[in-house]
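Take a look at the structure set out below.
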Amino acid sequence: MKKVLLIAAMAVMTLGAWAQSASDYGIVMEQPAGELRTYDRAGYAYYYSGEYIRRGAQTGTIDIVFGENNKVYFKQPLSKLEINSWIEGTLSEDGKTITVPMGQNVAYDTEVNDVITLAVLDYDDEYEEFAVRNNAQNVQFSVTEDKISLIGTSTYVVFGAIYANSQNWAGYADYSSIYTPTTQAEDVLVELPAGVETQVYTFEANGYDGTAFKYNVNVGVDGNDIYMQGLFSDVPQSWIKGTRNGNSVTFAQDQFIGNVAGRPNYMAGAFTNAEGKKEICDFVLNYDEASDTYTNSTEYLVQNTTKGVIYYVQAFNNIVITRDANDGAYTIPYNQGFETQAAFSEFTVINANNDSRTWTYGGTIAQNATYQWSTTSAADDWLITPALIMEPEVEYEFGIDAKASGYPERFEVMIGTEPTVEAMTTTIIPATVVEGYDVSHLTGRFTVPASKADGKYYIGIHATSDADQFTLTIDNISVVEAEPSAINAINAEKVQDNNYYDLMGRKMDASALPAGIYIHNGKKVIIVK
């Protein structure tokens with residue numbers, strides 16, 4: 001059985017061909033006379049993609065003309081039917097409703113030799129079928145100062161299109177449509193005002209499925225204006241703006257936070273209504289000055305793919321945003337698996353040879369950091385961790401997974417007191433070649449290069465591959481306090497320690513030792529199987 005897939009944005013189906021003269025079928029292509037107003041489009045839509053019926057969000061704008069004698073005209077009345085025809089409706093005398101008769105023709109498809117006309121349809125979720133609601137002669141929109149809303153539609157009752165002769169669904173339907181006046185020509189990202197200082201906070205929350213999230217965000221305060229950056233991992237550089245009133249900070253809904261996969265995304269709050277459905281609203285945080293902590297008052301913070309209605313990519317609740325005493329520096333143990341773009345964005349990328357290639361994020365599927373080759377230049381590119389809190393005279397162990405893609409790749413790992421090339425003075429892993437396709441796990445022991453009052457150090461992965469190689473990927477970075485060297489521990493406790501260690505100093509299970517060379521009671525021993 002085909003299933004309706006909840007997808008925010010898909011390529012719409014286009015009709016094979018249109019009749020040469022739309023007027024032959026009563027299709028209105030010229031803009032009617034009257035006042036043209038443009039609205040942002042929100043709501044939901046059904047449409048075909050390949051062999052599947054899909055359900056997605058309405059996006060973009062809709063043009064509406066208010067003409068004489070209370071006539072109202074809608075351009076491209078169905079969101080996924082991208083044909084610029086117009087349909088006619090009538091505004092009530094009190095100006096509160098618009099009635100649009102069904103049966104108006106909007107397109108002609110020569111592939112099936114049939115006119116596409118408007119209809120109200122019932123959707124059967126079990127059998128995935130649309131059937132014309134014969135007694136529905138029109139649809140109505142409610143009209144207020146701030147929006148125009150389609151009345152009486154839902155997941156199972158839709159405003160759609162059918163082929164006039166066959167009465168079959170033509171592949172287009174909208175429901176829960178909301179049109180709000182467009183206030184600006186294009187979406188604009190929030191900018192942090194010049195001179196506003198920021199501080200690092202720790203963002204902790206649960207995703208809609210209960211997944212725990214924890215990462216750093218930036219917060220700037222400009223009087224009663226509060227700016228936050230990095231709340232959404234898809235757009236870690238984007239800011240949102242709120243206004244503080246007492247202990248509450250309100251972020252207006254539908255703030256643009258950038259394009260993801262070519263589609264605009266927006267920040268909003270959301271709550272569950274009495275019917276169990278989620279609705280868009282402003283997002284409110286409570287602020288506790290004593291602990292310098294923000295917590296959510298609104299049920300959800302969402303990364304939304306449309307305005308006015310819920311169609312989200314991420315939804316967070318149980319939010320706690322707390323001032324980070326280390327200003328974003330991480331304590332040990334430290335682990336990084338590059339699960340998100342936000343995680344990669346915490347690293348400093350330095351293209352030291354200033355060519356067109358450097359470290360990039362491998363994506364949410366690959367979840368790694370990637371250096372791609374230059375055909376003309378040897379690699380000289382650094383990927384430097386965020387600040388790590390470490391102490392002098394403590395031995396640490398650094399771990400990393402590295403992989404080539406058929407061609408030999410080379411890199412080294414160093415540590416410094418600043419996230420700069422010049423500060424990278426101490427080697428953790430010397431220049432190492434990885435080749436083939438297998439993942440290599442490399443480790444190196446080190447102590448920090450100097451004593452620093454703030455205890456902040458930075459580890460740099462330096463790609464040095466020859467020119468015209470292929471792809472170097474790294475993943476699963478870790479820093480832990482090193483266990484005491486096996487040999488040193490044995491020397492200190494010769495009598496007491498009866499364990500076996502491999503030549504890397506790792507403690508082994510004495511009951512299941514494979515053949516090899518080990519250290520036992522301070523001496524090398526050979527195990528033969």
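- For Ala136, the side-chain contact (heavy atoms from CB on, under 4.5 Å) criterion is met by Val120, Arg133, not counting sequence neighbours.
- For Lys241, the salt bridge (charged side-chain N to carboxylate O under 4.0 Å, His left out) criterion is met by Asp225, not counting sequence neighbours.
- In this structure, Lys80 is positioned above the aromatic face of Tyr47, its NZ or CZ under 6.0 Å from the six-membered ring centre and within 45° of the axis.
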Using atom types as modelled, flag every donor-acceptor pair under 3.5 Å from a side chain in residues 278-289 to any protein atom, sequence neighbours excluded.
residue	atom	partner	partner atom	Å
Lys278	NZ	Tyr208	OH	3.2
Glu279	OE2	Asn273	ND2	2.8
Asp282	OD1	Gln253	N	2.9
Tyr287	OH	Asp292	OD1	2.8
Asp288	OD2	Ser291	N	2.9
Asp288	OD2	Ser291	OG	2.6

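- Contacts of Phe130 classified as ring-ring contact (aromatic ring centres under 6.0 Å, His included), with partners at least two apart in sequence or in another chain: Tyr46, Tyr123, Trp169.
- Applying the side-chain contact (heavy atoms from CB on, under 4.5 Å) test to Asn353 and every residue at least two apart in sequence or in another chain returns Asn351, Asp355, Ser377, Asp380, Asp381.
- Glu275 is linked by a salt bridge (charged side-chain N to carboxylate O under 4.0 Å, His left out) to nothing, counting only residues two or more places apart in sequence or in another chain.
- Residues satisfying the ring-ring contact (aromatic ring centres under 6.0 Å, His included) criterion with Phe74, sequence neighbours excluded, are Phe141.
- Every ring-ring contact (aromatic ring centres under 6.0 Å, His included) that Trp373 has, sequence neighbours left out, goes to Phe470.
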Using atom types as modelled, flag every donor-acceptor pair under 3.5 Å from a side chain in residues 312-320 to any protein atom, sequence neighbours excluded.
residue	atom	partner	partner atom	Å
Gln314	NE2	Ser233	OG	3.3
Asn318	ND2	Asn206	OD1	3.0

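- Remark: Trp359 pairs with no residue by the ring-ring contact (aromatic ring centres under 6.0 Å, His included) rule, at least two apart or across chains.
- For Lys71, the salt bridge (charged side-chain N to carboxylate O under 4.0 Å, His left out) partners are Glu88, not counting sequence neighbours.
- Pairs passing the salt bridge (Lys or Arg N to Asp or Glu O under 4.0 Å) check and including a residue from residues 90-102, sequence neighbours excluded, do not occur.
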